[in-house]
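For ligands, and for the atoms within them, numbers begin at 1 and follow the listed sequence. Atoms considered below: every heavy atom in the structure, side chains included; atoms not considered: hydrogens, waters and symmetry mates.
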Amino acid sequence: MSDILNNRKPAFTRAIVRKPAPNFAEGLTTQNLGTPSYDKALEQHEAYCAALRQCGLELIELPTDAAYPDSTFVEDTAILTPNCAILTRPGAPSRQGEVDSVRDVLIHYYSRLYAIQPPGTLDGGDICEAGRHFFIGISQRTNEAGALQLAEILAGEGYTSELIDIRHTPGILHLKSGIAYLGEKRVAVIQALADHPAFREYELLRLPPDEEYAANCVRVNEYVLMAAGYPHFQKMLDEAGYQLIVLEMSEYQKMDGGLSCLSLRF
Ligand code: GLY
């Protein structure tokens with residue numbers, strides 16, 4: 001574990017979060033796991049916020065917004081790097097208005113603020129930061145125009161990137177439904193993406209086939225947040241030396257959401 005701690009990128013100090021609105025269950029989903037319980041979703045969100053605080057983050061809490069039932073998934077609205085922020089243009093038209101309130105916060109923290117322009121679309125869930133390199137998913141939400149715009153902005157800021165087309169990868173909405181960067185050139189990855197050339201120089205932690213939802217885990221400073229209910233993957237992370245915070249995510253899973261989706265960390 002000491003090499004993990006010694007070889008880290010700068011720590012996150014803040015996160016933007018937004019509690020789900022009472023009409024959260026009216027959001028978009030491809031899952032067939034039933035209607036989420038609002039009370040349970042609030043409880044799970046509270047535990048998630050407590051976990052981020054445990055990781056040392058100060059939370060910036062946006063007001064709930066019933067105009068956008070998916071707006072608790074704040075990660076989709078921006079890409080945050082140490083140098084700059086990029087406002088996205090979510091691929092689902094019902095979500096595009098979510099960006100405005102996030103922009104209003106980010107202007108206080110970033111002097112370099114870019115925005116994805118039409119016809120580009122891009123969801124933050126498709127973007128995986130791996131140190132100074134970014135994996136950019138092309139999905140049903142992020143189109144090629146959006147992905148190329150982001151790659152160009154990142155290149156101008158001194159970052160490298162690689163595109164990963166997941167449009168024909170079954171079972172995942174966003175790239176980060178199937179991968180997570182854990183630091184130190186290590187990637188958690190579902191079987192369907194494990195042989196992608198983008199990961200050839202990385203050490204891979206392959207998700208057991210019946211635990212793929214757990215791929216959406218999040219490294220936050222010296223912790224990894226992971227979803228409860230995935231014992232084999234939990235053991236793999238544990239044996240790799242990570243300090244884990246295990247969180248119930250059932251109500252967000254029903255709405256195609258994961259741990260990374262619930263915050264913007266910077
Ligand atoms: N429910 C999250 C999304 O589909 O964007």
Contact atoms of ligand 1, heavy-atom distance to [X] under 4.0 Å:
{"X": "R95", "result": "2 (C), 3 (C), 5 (O)"}
{"X": "M255", "result": "1 (N), 2 (C)"}
{"X": "L28", "result": "1 (N), 2 (C), 4 (O)"}

Margin query: Checking ring pair (Phe, Tyr, Trp, His ring centres under 6.0 Å) between F135 and each of Y181, Y202, Y159, which is the one that passes?
Written below: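 Single ring pair (Phe, Tyr, Trp, His ring centres under 6.0 Å) partner of F135 among Y181, Y202, Y159: Y202.
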
Next item on the list: Kindly confirm or rule out an N or O of H174 lying under 3.5 angstrom from an N or O of ligand 1.
Entry: no

Check: Taking both backbone and side-chain atoms of D76, is any N or O found less than 3.5 Å from an N or O belonging to ligand 1?
Finding: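 Min N/O separation from ligand 1 is not below 3.5 Å for D76.
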
Check: Should the proximity of T29 to ligand 1, defined as any heavy atom under 4.0 Å, be assigned to the side chain, the backbone, both, or neither?
Finding: neither

Next item on the list: Verify the ring-centre separation between F266 and F12: is it less than 6.0 angstrom?
Entry: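 So the answer is no for these two rings.
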
Margin query: Looking only at side-chain N and O atoms, does S139 offer a donor or acceptor that is under 3.5 Å from a partner on R141?
Written below: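 Side chains of R141 and S139: no pair found under 3.5 Å.
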
Next item on the list: Go through the side-chain N and O atoms of H133 and T160 and say whether any donor and acceptor fall under 3.5 Å apart.
Entry: yes

Check: What residue and heavy atom of the protein are closest to atom 4 (O) of ligand 1, and at what distance?
Finding: R141 NH2, 2.8 Å

Note to self: Walk me through whether R219 and E184 qualify under salt bridge (Lys or Arg N to Asp or Glu O under 4.0 Å).
What the structure shows: CA-CA 11 Å; R219 173 79 182 270; E184 299 77 40; 3.1 Å; yes

Check: Judged by non-hydrogen atoms, does L173 sit under 4.0 Å from ligand 1?
Finding: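 L173 counts as a contact of ligand 1 under the 4.0 Å cut-off.
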
Check: Which class fits the ring pair Y252 and F73: parallel under 30°, tilted 30 to 60°, perpendicular over 60°?
Finding: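 The arrangement is perpendicular - the two ring planes meet at more than 60°.
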
